Structures are given as C-alpha cells and as structure tokens.
Amino acid sequence: MPEVRDVLIVGSGPAGLTAAIYTARANLRPIVIEGFSSGGQLMLTTEVENFPGFPEGIMGPELMTNMRAQAERFGAEFITANADRIDVTSSPFGAWVGNDEYRGRAMIISTGATARMLGIEGEAGLVGRGVSTCATCDGFFFRDHEIVVVGGGDSALEEASFLTKFASRVTLVHRRDEFRASKIMQDRAFANPKIEVAWNSVVDSLIGTDKLEGVVLRDTVTGATRRLDATGLFIAIGHDPTTELFRGHLTLDGDGYIVTAPDSTLTSVDGVFAAGDVQDHVYRQAITAAGSGCMAAIEAERWLAAHE
Ligand code: NAP
C-alpha cells in the first residue's frame, strides 16, 4: 500500500487546481494526478477577459500556470500523467498511473470535458484564429465580423443569440431541418434579425490557413456546396465529459456526466467528490469550475473531519 494522503485529486483544470489550493492550505497534503495535458480547456484558449481579478485580461495558459504555482506554494504535489485506473470501493480511494498507485482518504474528481469538434481538415490549426468552441470566451473579439455557428441544441442557439451583440451577421448551420433546442431558445433566435439559418447544412471545409476567411457549406439533401465568407466559426455541437475512467464505479447521467447531490459536489460514493465540467453541463465557465473546486475541497475537509 502506498503512502495514504488525505486528499487525492484527479484532474487539473480550474476545478482541480482550486481544490488543490484549498486542501493544501488546509494541510490535507493533496496529491494531484494532473494528466499529460494539465490545465484543462483553458490551456487551449487565448485571452481570458471574464475571470474576476484581471482587469486587463489574462492568457488562459498563464492563468492555469498561476493556479498551479499557487497550489504548489502550499505543498500540493503533482503527478504529470493520466490516471488509467481507479478504485472507489472504499476509503482510502485509489488511482493508478501504470503500476504506480496513489491513495487518498477522500477523492476529488475534476477531469473536465472536451468540446466536440467537427473533425474537418485545418480545424485544429485555426482554433484561436477564427475557430472557437466558446462564445462567452471569444465573442468579444468578433465585433462587426460575420460568424458561423454550428449546431442545433441550446448551446448553439444561445451562442448565436449572444454573438449577435458583436457580429454583423450570424449564420446558424444545422445538419437537420429542425432544432433540438428548447422552444424559448428557438423563438429568441428566430426573432433576431441578425441570425440566419442554413438548414440541412454542414461545414464541409474551411477557407484560410493563418486565419479563418470562410467556410464551404454542403447541403445534406442535395449535396450542393456554397462558400460563405466568415471570419468566425463557433462550434457548439456538445461536449464530452472525461468520465470513461469512472463508468461503472460512479453514477453518471445519460450524457456521461458524474451525478452529484443537489447543492453539493458529493458523488454516488461517500467520500468521493466531483467538481467542474465533469459534473456541470450548464455553466461550464472557469470561474464556476473554480467555485465548485472550492466546494469540493471544503466538503472533503468536512468529510475527513467527520470520519477521523
Ligand atoms: P446538444 O443538446 O447535444 O446539441 C448538440 C447539437 O449539435 C445537436 O443539434 C446536434 O445535431 C448537433 N451536432 C452534434 N454532432 C454534430 C456534428 N458532428 N456535426 C454537426 N452537428 C452536430 O448539446 P448542447 O447544445 O451543448 O447542450 C447540452 C446540454 O446542455 C443540453 O441538455 C442543453 O439543454 C443544455 N444547455 C442548456 C442551456 C440553457 O438552458 N441555457 C444552454 C446550453 C446548454 P442533432 O440535433 O441533429 O443531433
């Protein structure tokens, strides 16, 4: 049996790192399995302008590096690798990286989620250069631009409406002839004169190498293609929570998110807490993830005190 820490944290976005800061500062000696791509989704963004405390904005990777350094300052220890197995049958809970085993009396899961991408050529290289998966984060940079939003769910329609605050025109591209979004979102989008809908359409390819200049749309019924000039492409086709590791061990909802108790970060296993996008498909903001990381840390601390 390896050394047992008070708290074992799996995942290192704003939720995991905030949990690390709080638990380290509470002398709970957390060990954080931060993953190979530590820092989460903010490592893929450019400027973050809506994280309180940074009036001039801060680059996403810098914000995450600062959070990590803050956790380290209070003694949090980091393992830069992906956990490939977990044990949540009873405390102390375990996680493995290959043959290396880590144990904590309480566990906080903050493995996040990833935005689904279209999977077309050039897409990855244009992220941050016209292609985005977060309107709240990047919309501001598209003042008076022509924008394409892909998707037909609540996210796509909400983002399209939000983006009309900045864009000269927003074209919603949806692969079918009806939206899956709630009626209120649809009514709002249809009533907005800046929003046009391209029904039965998919983005076939991207135009531009250094920055996005346009997209080629393909009609899913006729197969016809057409060019649409746009400098912004917001992909809103859903997120996938990173929960494969926990399937069969913790209760997940129908979309694969970890289920937590109301007003709490407690999962279906007593002593195991989940924070951030891995359990939140509504807000998905760095600040809400950090907030729930703080909740998980406080709940873990109280749980440990109650189970001395
Ligand atoms: P979603 O409901 O799963 O919708 C995803 C949309 O993207 C669908 O319209 C889907 O098309 C389309 N899509 C999926 N893969 C695609 C692909 N490869 N190419 C083109 N289109 C693709 O996801 P979401 O909109 O992110 O919402 C997730 C959850 O959060 C939902 O429960 C939603 O209600 C909730 N949410 C709520 C609010 C709010 O209440 N304010 C805001 C945002 C999200 P099909 O329709 O053809 O499948």
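All ligand and atom numbering here is 1-based and tracks the order in the structure. What you see is a predicted model; the values in this text were computed from it and never measured.
- In terms of protein heavy-atom proximity, atom 41 (N) of ligand 1 is closest to Glu158 OE2, 2.9 Å.
- Heavy-atom contacts from other residues, nucleotides or ligands closer than 6.0 Å to CZ of Arg29 number more than 12.
- For atom 30 (O) of ligand 1, the nearest non-hydrogen atom of the protein is His281 O, 3.4 Å.
- The residues Lys211 and Glu213 are annotated as not salt-bridged, no charged nitrogen and carboxylate oxygen being separated by less than 4.0 angstrom.
- Between the side chain of Thr267 and the backbone N or O of Ala274, no donor-acceptor pair lies under 3.5 Å.
- In this structure, atom 32 (O) of ligand 1 is not in close contact with the protein, since no protein heavy atom lies within 4.0 Å of it.
- Taking 4.0 Å as the cut-off, His174 counts as a neighbour of ligand 1 on heavy-atom distance.
- Between Gly153 and ligand 1, a contact under 3.5 Å exists for at least one N or O pair.
- Ion pair Arg169/Glu196 flagged as a salt bridge, since at least one NZ, NE, NH1 or NH2 atom sits closer than 4.0 Å to an Asp/Glu carboxylate oxygen.
- At a distance under 4.0 Å, a protein heavy atom can be found next to atom 14 (C) of ligand 1.
- The list of salt bridge (charged side-chain N to carboxylate O under 4.0 Å, His left out) pairs with a residue in residues 247-270, not counting sequence neighbours, reads Glu244-Arg247.
- With Ser155, Gly119, Ala156 as candidates, the residue nearest to atom 27 (O) of ligand 1 on a non-hydrogen basis is Ser155.
- Among protein heavy atoms, atom 48 (O) of ligand 1 sits closest to Arg180 NH2, 2.6 Å.
- Under a cutoff of 6.0 Å and an axis angle of 45°, Arg105 and Phe93 do not form a cation-pi pair.
- Within 6.0 Å of CZ in Arg176 there are more than 12 heavy atoms belonging to other residues, nucleotides or ligands.
- The heavy atom nearest to atom 16 (C) of ligand 1, considering only Met185, His239, Arg175, Glu178, is found in Arg175.
- When only interatomic distances are considered, the shortest N/O to N/O separation between Asp154 and ligand 1 falls below 3.5 Å.
- With hydrogens left out, the protein atom closest to atom 23 (O) of ligand 1 is Gly238 CA, 3.8 Å, a heavy atom.
- Closest to atom 7 (O) of ligand 1, if we only count protein heavy atoms, is Ile237 CA, 3.3 Å.
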I'd like to know whether Phe166 forms a ring pair (Phe, Tyr, Trp, His ring centres under 6.0 Å) with His145, so could you lay out the CA-CA distance, the side-chain angles of the two residues, the decisive distance to 0.1 Å, and finally the verdict.
CA-CA 8 Å; Phe166 313 103; His145 289 234; over 10 Å; no

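- Among protein heavy atoms, atom 9 (O) of ligand 1 sits closest to Gly152 N, 3.0 Å.
- Below 3.5 Å of separation, one finds an N or O of Arg176 facing an N or O of ligand 1.
- Here His249 pairs with nothing under the ring-ring contact (aromatic ring centres under 6.0 Å, His included) rule; sequence neighbours left out.
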